[in-house]
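One structure below.
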Amino acid sequence: MKKVVLTLCAALVFITACNTKKEAASSKSEPSVQKFPFSLFVVPETSRGEHYGSSIEMAHDKPRVFYVVLTNVSSEPQAVWEYWNSWGYQTVSFELTTADSKKFLVSKRQEDFTRNFPSTFLIEPGEHQVYAIRLDQEWDTHPSLLKAAETPVILKAIYEVAPTSEAAQYKVWTGRLESRTYKLNLRQW
């Protein structure tokens, strides 16, 4: 009996020591990984693979549409700003990188809203908000992008919502989310 008690005590000491080491290991500062409630994808107007075969257009008059898809990957419904109001109007933008590694930001131009109020769209878990994008005269490029018939680019979509009192009131997610990069041809005229 004495031997069993000693073995049990040794086992308890070992378990406690293991737990202490585990707690100490988990309390070390590790880089925190932010978990986003969304994923973000680009669906180009044409899709021909990863080697600059797909394309998007930028034109003043009726460029072809492509899509940005915001998917709720969380287990809770997520509110997002509707695209027509000043809170949601500039939530989608793009970063273009040319073959010479120059970066350009493509975003909606500033707009004066004559009729404006905060309104949201609720994305259920596993569902999507799809943004139809036409890179026309309503979009600006910073710095200015030289016009070329067709340019290979690496495109990344950005979904960004600034923290505001309205975002808190309407329980809209705030932060910055980036898509993966896409090798595309940018056609301009």
Side-chain angles (χ1 to χ4, degrees), residues 36-73 78-121 123 127-164 167 172-189:
F36 294 103
F38 300 111
S39 61
L40 190 64
F41 300 95
V42 173
V43 180
E45 67 179 75
T46 61
S47 182
R48 296 188 189 110
E50 281 293 314
H51 301 296
Y52 297 102
S54 302
S55 65
I56 59 172
E57 290 181 354
M58 183 180 285
H60 284 284
D61 188 33
K62 298 182 183 174
R64 290 186 179 166
V65 68
F66 69 98
Y67 301 93
V68 172
V69 180
L70 183 67
T71 302
N72 180 354
V73 295
Q78 298 290 326
V80 296
W81 293 123
E82 289 185 355
Y83 204 52
W84 68 267
N85 63 45
S86 65
W87 293 267
Y89 182 71
Q90 291 182 310
T91 54
V92 175
S93 61
F94 303 93
E95 181 184 275
L96 295 176
T97 305
T98 56
D100 59 359
S101 299
K102 290 185 181 174
K103 293 187 185 282
F104 299 86
L105 177 65
V106 181
S107 59
K108 287 283 245 178
R109 289 186 176 181
Q110 290 288 3
E111 179 75 26
D112 291 327
F113 287 86
T114 55
R115 190 168 176 202
N116 189 35
F117 58 89
S119 60
T120 61
F121 178 82
I123 306 174
E127 296 295 322
H128 318 280
Q129 171 69 18
V130 178
Y131 299 92
I133 305 294
R134 287 186 191 271
L135 295 178
D136 55 17
Q137 70 276 1
E138 293 182 8
W139 293 79
D140 279 331
T141 306
H142 298 285
S144 292
L145 181 63
L146 294 176
K147 195 177 223 181
E150 195 163 309
T151 307
V153 297
I154 296 175
L155 176 114
K156 177 172 39 177
I158 300 165
Y159 181 75
E160 189 167 16
V161 179
T164 61
V172 171
W173 175 83
T174 60
R176 179 184 169 104
L177 176 66
E178 297 180 353
S179 72
R180 71 172 181 87
T181 57
Y182 297 84
K183 292 179 178 180
L184 302 168
N185 285 310
L186 175 64
R187 291 188 276 160
Q188 304 174 68
W189 69 82

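For clarity, every value in this text was computed on a predicted model and none was experimentally measured. Hydrogens, waters and symmetry mates play no part in the numbers below; they use all other heavy atoms, side chains included.
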Is the shortest side-chain heavy-atom distance between [X] and [Y] below 4.5 Å?
X: Asp140; Y: Arg109; result: yes
X: Phe38; Y: Val80; result: yes
X: Leu145; Y: Gln188; result: yes
X: Thr120; Y: Trp81; result: yes
X: Leu184; Y: Ser55; result: no
X: Leu70; Y: Leu177; result: yes

In Å, rounded to the nearest 0.5 Å, how long is the span from [atom1] of [X] to [atom2] of [Y]?
X: Leu155; Y: Glu95; atom1: CG; atom2: CD; value: 9.0 Å
X: Thr98; Y: Leu146; atom1: OG1; atom2: CG; value: 9.5 Å
X: Lys103; Y: Lys156; atom1: NZ; atom2: NZ; value: 6.0 Å
X: Asp61; Y: Gln137; atom1: CG; atom2: CD; value: 7.5 Å

Can you name the nearest heavy-atom pair linking [X] to [Y], along with the distance?
X: Gln90; Y: Lys108; value: NE2-O, 2.6 Å
X: Leu135; Y: Phe94; value: CD2-CE1, 4.3 Å
X: Ile123; Y: Glu127; value: CG2-O, 3.3 Å
X: Pro37; Y: Asn72; value: O-OD1, 3.3 Å

- Query: Salt bridge check: are Glu178 and Arg176 linked by an N-O gap of less than 4.0 Å?
  - Reply: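 Salt bridge flag = yes for Arg176 with Glu178.
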- Does the pair Glu57/Arg187 count as a salt bridge with the N-to-O cut at 4.0 Å?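 Looking at Glu57 and Arg187, the cut-off is met.
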- Message: Would you call the rings of Trp173 and Phe36 parallel, tilted or perpendicular, taking 30° and 60° as the class edges?
- Response: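 Trp173 vs Phe36 ring planes: perpendicular.
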- Task: Look at the rings of Phe113 and Tyr89 and say which category their plane angle falls in: under 30° parallel, 30 to 60° tilted, over 60° perpendicular.
- Result: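 If you compare the ring of Phe113 with that of Tyr89, the planes turn out perpendicular.
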- Query: For Asp112, does the CG atom have more than 12 heavy-atom neighbours from other residues, nucleotides or ligands under 6.0 Å away?
  - Reply: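 No - once you tally the heavy atoms of other residues, nucleotides and ligands closer than 6.0 Å, there are 12 at most.
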- Tell me, with the steps shown, if Trp87 and Phe117 meet ring pair (Phe, Tyr, Trp, His ring centres under 6.0 Å). CA-CA 8 Å; Trp87 293 267; Phe117 58 89; 8.4 Å; no
Main chain of [Y], side chain of [X]: is a donor-acceptor contact present, judged purely on distance under 3.5 Å?
X: Ser179; Y: Ala157; value: yes
X: Tyr182; Y: Val42; value: yes
X: Arg134; Y: Lys62; value: no

- Task: Using only heavy-atom distances, determine whether the side chains of Ser119 and Glu82 contain a donor-acceptor pair under 3.5 Å.
- Result: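 A donor-acceptor contact under 3.5 Å links the two side chains.
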